[in-house]
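Indexing begins at 1, ligand by ligand and atom by atom, following the structure's order. Just the heavy atoms: all of them, side chains too, but no hydrogens, waters or symmetry mates, feed the values below.
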Amino acid sequence: MSGDTGNRPPTSAKSLDPADWEDFRQHAHRLLDACIDRLSRAADHPWKPVTPEVTRGYRLDVDEPGIGYARLAETLERDVLPYATGNTHPRFFGWVHGTGLAEGLLAEVVAAAMNSNCGGRDHGAVYIEREVIDWCARIFGFPATSSGLLVAGTSQATVIALAAARQRALGAKARTEGLRKLPELVAYTSNSAHSCIAKAMELIGLGTRSLRRIPSGSDGALDMALLAAAVESDRASGATPFCVIGTAGTVDVGTFDDLDALAEFCRQESLWFHVDGAFGAWTVLAGEPWKRLSCGLERADSLAFDFHKWMYVQYECGAVLVRDQRSHRAAFEARPTYLAGQATGLGGGDPWFCDYGIDLSRGFRALKVWAAIRACGTDAFGAAITRNCELAMLMARAVDSATELTLAAPVGLNICCFSAAPASTPAADADKLNADIARQLQLDGRAVFSTTAIAGRTVLRAAITNHRTSEADVQYAIDSVLEARGRLLQKPVAD
Ligand SMILES: *Cc1c(COP(=O)(O)O)cnc(C)c1O
């Protein structure tokens, strides 16, 4: 393996391409092997903190001389690859992070070689994205005439869905009038809805003051009577209710709103029904009793969901589906002359994805999704999702059988929240103990829990969107919590 040509600074070469592609091939193959080693031995690679020496090495100088691809490949393997978030590891339960699939590695390599721009035009990548969207429409029970778009994630999908809803409420004025006087549009969601909904309201110019937070009932679902009262009172005071946002799987504990009831209410009241299904929407693929949670999802006007969480696909990829594709297109369509379509040729391929979202230039996100579904098959995802829910129940049983641990919320999906604090501990100390346990286990590389607040108290939280987790991993993680608890209660760790 001669590193000679690879080491030549590209700035002194005629082209940005390697001078010797055969030499490049050897370095690339070696790096690909390192990536496959990394993924196939994911259990050996928990998160570890990135050292100041390493981050100093990331610094880019204004007059970078260029190290060439051979040294770059070494740097990537030594200084970049080891410092991931750790969500490829079987005992990563923090936040709601997907694990990534072997097929994703293949798809990302191919997508990089193609370097497609999926804003529009007539080429293979847009046909693949259409197939992914069409598959989603069928999986979620949306009509074939629905439109959709792959985006960075549910946050962006929510902006697009609410913009389409605003478009239907206001017509063309939604785009021309900005913050000028228009009917005061009001949206409704539960008080446990994700923060991306408030952000979307801010971004589409309506503001969080036009987002009503409806309290949840004892089952965690948005209270339908309070919703009806809020809509009536807003109408009476001259505001214009336009949208209700239901949640399929809250981020804290994974509860579902009654989507069927919300769909029926929105139909009667002529309101747009949007569902935040970031990860919970995928229960449509799961076995019972989890599958029935998503009942009513198929009646939504729009749905936002992620592939990078509970479909295990590499970051980043989410999607939006919109039942009324005319409102969707009318909210974003923009075709200046330099983007004029053609009947045939590369400028053909209508409809273009750039007319359905914010971005004109778009990468080939669809390939890793398509590759995952094509290679693994739909049923394999359903089985993995079902298994994650079963493992969360197993964790709940392990928590129940440990006298030191207390379940903080019922486990109805893939999320298990519990406290390790002794009953007699003052609130502030109990909160700190749970937070310290989470931090200690992260630093030890034993398991990653995150924390959340339930009834105002900090608790440990495991969200299992991890196809690599085994029953032994769950038991090991709980044993590790008990061990760390014992250690911390003896001698509190200094901050
Ligand atoms: C993660 C999540 C979001 C945000 O999705 P991103 O893909 O991170 O933008 C929204 N809603 C819920 C319920 C989530 O879990």
Query - Check: D355 side chain, A334 main-chain N or O, donor-acceptor pair, under 3.5 Å - result: yes
Query raised in the report: Would you call the rings of Y312 and F381 parallel, tilted or perpendicular if under 30° counts as parallel and over 60° as perpendicular?
Result: parallel
Report task. Determine, for R235 against E269, whether the closest basic-nitrogen to carboxylate-oxygen distance falls under 4.0 angstrom. Result -> yes
**Report entry** Spatial distance of atom CZ (F418) from atom CD1 (I454) [nearest 0.5 Å]
**Finding:** 11.5 Å
Query - Trace of the salt bridge (Lys or Arg N to Asp or Glu O under 4.0 Å) decision for D436 with R439 - result: CA-CA 5 Å; D436 282 348; R439 188 168 49 116; 3.0 Å; yes
Are there any N/O pairs under 3.5 Å between ligand 1 and the protein, and if so, what are their distances?
residue: ligand 1; atom: 5 (O); partner: D306; partner atom: OD2; Å: 3.3
residue: ligand 1; atom: 7 (O); partner: T154; partner atom: N; Å: 3.1
residue: ligand 1; atom: 7 (O); partner: D306; partner atom: OD1; Å: 3.0
residue: ligand 1; atom: 7 (O); partner: D306; partner atom: OD2; Å: 2.7
residue: ligand 1; atom: 7 (O); partner: H308; partner atom: NE2; Å: 2.9
residue: ligand 1; atom: 9 (O); partner: T154; partner atom: N; Å: 3.4
residue: ligand 1; atom: 9 (O); partner: S155; partner atom: N; Å: 2.9
residue: ligand 1; atom: 9 (O); partner: S155; partner atom: OG; Å: 2.6
residue: ligand 1; atom: 11 (N); partner: D276; partner atom: OD1; Å: 3.2
residue: ligand 1; atom: 11 (N); partner: D276; partner atom: OD2; Å: 2.6
residue: ligand 1; atom: 15 (O); partner: K309; partner atom: NZ; Å: 2.9

Query - Under-4.0 Å salt bridge between R267 and E264 - result: yes
